**Q** 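Pasting a structure here, questions to come.
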Amino acid sequence: MMDIVLISCGKNLLMSQYFLSLSVCLIIFLRNRSIQENGDVKIEQKIDEVSFGKIFAICCTLMVLKSHSLKTFSQKYPPVKFLSEKDRKRILITGGAGFVGSHLTDKLMMDGHELTVVDNFFTGRKRNVEHWIGHENFELINHDVVEPLYIEVDQIYHLASPASPPNYMYNPIKTLKTNTIGTLNMLGLAKRVGARLLLASTSEVYGDPEVHPQNEDYWGHVNPIGPRACYDEGKRVAETMCYAYMKQEGVEVRVARIFNTFGSRMHMNDGRVVSNFILQALQGEPLTVYGTGSQTRAFQYVSDLVNGLVLLMNSNISSPVNLVMSRSQIQFLSEAQDDPQRRRPDIRKAKMMLGWEPVVPLEEGLNKTIQYFSRELEHQANNQYIPKPKAARMKKGRPRHN
């Protein structure tokens with residue numbers, strides 16, 4: 001009687017384990033069956049030996065394949081730092097499958113924390129975080145923050161909201177709900193479980209500013225009924241709610257006012273200047289400029305922003321903080337309504353109190369983004385889809401979901 005010991009590891013190897021177990025059962029059956037007739041002994045033994053040889057070969061092959069699959073499985077994830085129980089935090093990221101959220105997910109996962117990513121995939125994409133699916137420290141939930149969420153967490157990064165003009169103007173009521181009711185739900189969760197909440201606010205709270213540069217004490221110059229108001233005023237109300245919860249309920253809040261950010265995983269047709277210029281240049285189309293082209297913006301690469309968000313979350317600064325850095329034919333188009341003419345943030349507060357400032361040069365960040373866009377165009381061309389830059393537009397008719 002031959003004993004065979006099989007070891008099976010990994011939930012993605014259950015089929016191999018099943019076939020190995022079945023093979024062992026067949027071997028035991030063939031080796032131990034009773035032979036009733038003397039005249040059939042030699043024939044049955046030959047059949048037994050041939051069957052055993054074939055099945056043993058199958059078992060060996062499956063074990064090799066299984067070993068290879070286990071090796072691949074164990075190397076599937078990016079390297080993750082080990083943190084002790086007292087240092088490891090349970091963190092919720094709303095909008096965690098989006099452009100900025102997915103990069104924040106990468107950093108916090110590799111830092112060794114336990115993450116729950118919530119996204120309704122309006123602008124977020126599963127492919128942005130699919131490399132973490134199955135990891136013991138990672139959970140992905142398809143959920144809209146407009147609905148309450150009941151989980152236990154230590155920190156909440158509240159990033160959920162469409163951020164580019166074409167997306168937040170597509171369904172302005174939904175944008176308002178996400179930034180008001182969604183923020184209210186996250187603040188309620190923070191209050192219940194004693195978590196600290198970081199709100200990803202925006203430079204849009206300054207509107208079309210009349211003061212340059214804009215520091216955190218500037219109240220802004222915003223049109224409350226313009227086409228961008230759903231986002232601008234939504235974020236302003238979100239900030240108001242954060243400080244109301246802090247003063248009345250003792251909730252720990254952090255507010256980051258984020259300026260223009262670019263990098264991999266941003267939507268190619270989101271209507272913003274970097275994505276528009278790169279996409280048009282790669283496709284050999286005219287570069288479009290709205291108005292006179294004299295508008296100014298400050299830019300930062302996404303990794304710099306993510307580092308700033310983490311520093312702010314773990315700081316003692318509860319007041320708002322600005323986070324930002326600073327041959328084709330050109331085609332001039334009509335200026336978009338309420339488009340800010342000048343953006344020049346004051347980041348002295350972030351430098352002094354967080355020790356943070358962007359480190360990725362603009363040219364280096366643009367090169368990385370261009371490479372990403374080139375890969376995306378190649379991939380989408382193979383699938384017969386070529387994206388076009390979008391100008392901000394209003395949704396026609398009544399939205400199907402509000």
Side-chain angles (χ1 to χ4, degrees), residues 91-110 113 115-133 138-147 149 153 155-171 174-179 181-183 185-186 197-204 230-231 234-235 238 255-272 274-275 279 299-310 312-313 323-324 365 368-369 372-373 376 387 390 392 401:
I91 299 175
L92 167 65
I93 304 179
T94 68
F99 163 42
V100 174
S102 63
H103 284 281
L104 180 61
T105 296
D106 288 347
K107 176 172 175 55
L108 294 174
M109 279 294 295
M110 289 188 285
H113 299 290
L115 258 66
T116 300
V117 167
V118 167
D119 209 297
N120 68 349
F121 302 108
F122 174 59
T123 57
R125 294 182 290 186
K126 289 182 181 178
R127 61 181 291 195
N128 289 342
V129 293
E130 65 182 358
H131 50 286
W132 293 114
I133 293 176
F138 179 81
E139 182 178 6
L140 177 63
I141 302 176
N142 188 337
H143 180 83
D144 193 324
V145 294
V146 170
E147 303 297 330
L149 182 67
V153 293
Q155 293 182 344
I156 302 170
Y157 288 85
H158 182 36
L159 277 63
S161 175
S164 68
N167 289 323
Y168 65 65
M169 292 166 64
Y170 177 75
N171 190 338
K174 180 64 176 176
T175 299
L176 279 167
K177 284 185 173 181
T178 300
N179 284 297
I181 300 174
T183 301
N185 285 334
M186 290 303 105
L197 180 141
L198 183 147
L199 171 69
S201 189
T202 172
S203 60
E204 296 289 346
C230 59
Y231 185 66
K235 287 295 187 183
V255 174
R257 290 177 178 167
I258 301 171
F259 285 68
N260 289 51
T261 306
F262 66 95
S264 60
R265 301 177 191 164
M266 69 187 300
H267 283 278
M268 291 190 293
N269 56 350
D270 69 358
R272 289 183 278 196
V274 171
S275 52
L279 187 59
F299 298 96
Q300 66 185 334
Y301 192 63
V302 64
S303 61
D304 285 327
L305 171 61
V306 165
N307 291 333
L309 292 174
V310 174
L312 179 58
M313 171 64 90
L323 292 181
V324 71
K368 292 180 179 179
T369 308
Y372 170 78
F373 274 36
E376 287 289 287
K390 283 185 179 178
H401 297 295

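Because the structure is predicted, anything quoted here is derived from the model rather than measured.
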**Q** Only counting residues at least two apart or in another chain, list the ones meeting side chain to side chain contact (heavy atoms under 4.5 Å, CB included) with Thr202.
**A** Glu204, Val205, Tyr231, Lys235
**Q** Got a sec, which residues hit side chain to side chain contact (heavy atoms under 4.5 Å, CB included) with Asp106, two or more places apart in sequence or on another chain?
**A**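 So Asp106 forms a side chain to side chain contact (heavy atoms under 4.5 Å, CB included) with Met110, His131, Trp132, Arg265.
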**Q** Roughly how far, to the nearest 0.5 Å, is CG of Leu309 from CD1 of Ile258?
**A**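 Reported to 0.5 Å precision, the distance equals 5.0 Å.
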**Q** Check side-chain hydrogen bond (donor to acceptor under 3.5 Å, both in side chains) between Thr183 and all other residues, then give those that pass, not counting sequence neighbours.
**A**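 Applying side-chain hydrogen bond (donor to acceptor under 3.5 Å, both in side chains) to Thr183 gives His158.
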**Q** How far does CD of Gln155 sit from CG of Leu108, to the nearest 0.5 angstrom?
**A** 8.0 Å
**Q** Between the side chain of Thr94 and the main-chain N/O of Leu159, is any donor-acceptor distance below 3.5 Å?
**A** yes
**Q** Nearest 0.5 angstrom please: Ile156 CD1 to Leu149 CG, how far?
**A** 8.5 Å
**Q** With rounding to the nearest 0.5 angstrom, report the OG1 to CG distance, Thr123 to Asn128.
**A** 9.5 Å
**Q** Any side-chain to backbone donor/acceptor pair from Asp119 onto Ala97? Under 3.5 Å, distance only.
**A**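 Such a contact is found between Asp119 side chain and Ala97 backbone.
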**Q** Please enumerate all residues that pass salt bridge (charged side-chain N to carboxylate O under 4.0 Å, His left out) together with Lys126, with sequence neighbours excluded.
**A**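 Not a single residue meets the salt bridge (charged side-chain N to carboxylate O under 4.0 Å, His left out) criterion with Lys126.
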**Q** Are the side chains of Met186 and Leu199 in contact, using a 4.5 Å heavy-atom criterion?
**A** no
**Q** Not counting sequence neighbours, which residues clear side chain to side chain contact (heavy atoms under 4.5 Å, CB included) with Leu176? List them please.
**A**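 Once residues adjacent in sequence are excluded, the partners of Leu176 under the side chain to side chain contact (heavy atoms under 4.5 Å, CB included) criterion are Cys230.
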**Q** Do the side chain of Asp144 and the main chain of Asn120 share a donor and acceptor less than 3.5 angstrom apart?
**A** no
**Q** Kindly write out the residues that satisfy side-chain hydrogen bond (donor to acceptor under 3.5 Å, both in side chains) with Thr175, not counting sequence neighbours, or none if the list is empty.
**A**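 Per chain and number, Thr175 pairs via side-chain hydrogen bond (donor to acceptor under 3.5 Å, both in side chains) with no residue.
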**Q** Enter the distance from Ile181:CD1 to Asn179:CG here, rounded to the nearest 0.5 Å.
**A**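 The CG atom of Asn179 is 11.0 Å from CD1 of Ile181, to the nearest 0.5 Å.
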**Q** Going from CE on Met266 to OG on Ser102, what distance comes out if it is rounded to the nearest 0.5 angstrom?
**A** 12.0 Å
**Q** How would you list, by chain and number, every residue that makes a ring pair (Phe, Tyr, Trp, His ring centres under 6.0 Å) with Phe122, sequence neighbours excluded?
**A** none
**Q** Taking side-chain hydrogen bond (donor to acceptor under 3.5 Å, both in side chains) as the definition, give me every residue that meets it alongside Thr105, ordered by chain and number, with sequence neighbours left out.
**A** none
**Q** Indicate yes or no: at least one non-hydrogen side-chain atom of Arg257 is less than 4.5 angstrom from one of Ser203.
**A**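 Side chain of Arg257 against side chain of Ser203, heavy atoms only: no contact under 4.5 Å found.
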**Q** Residues two or more places apart in sequence or in another chain: which of them pass side chain to side chain contact (heavy atoms under 4.5 Å, CB included) with Ile141?
**A** Thr116, Val118, Glu139, His143
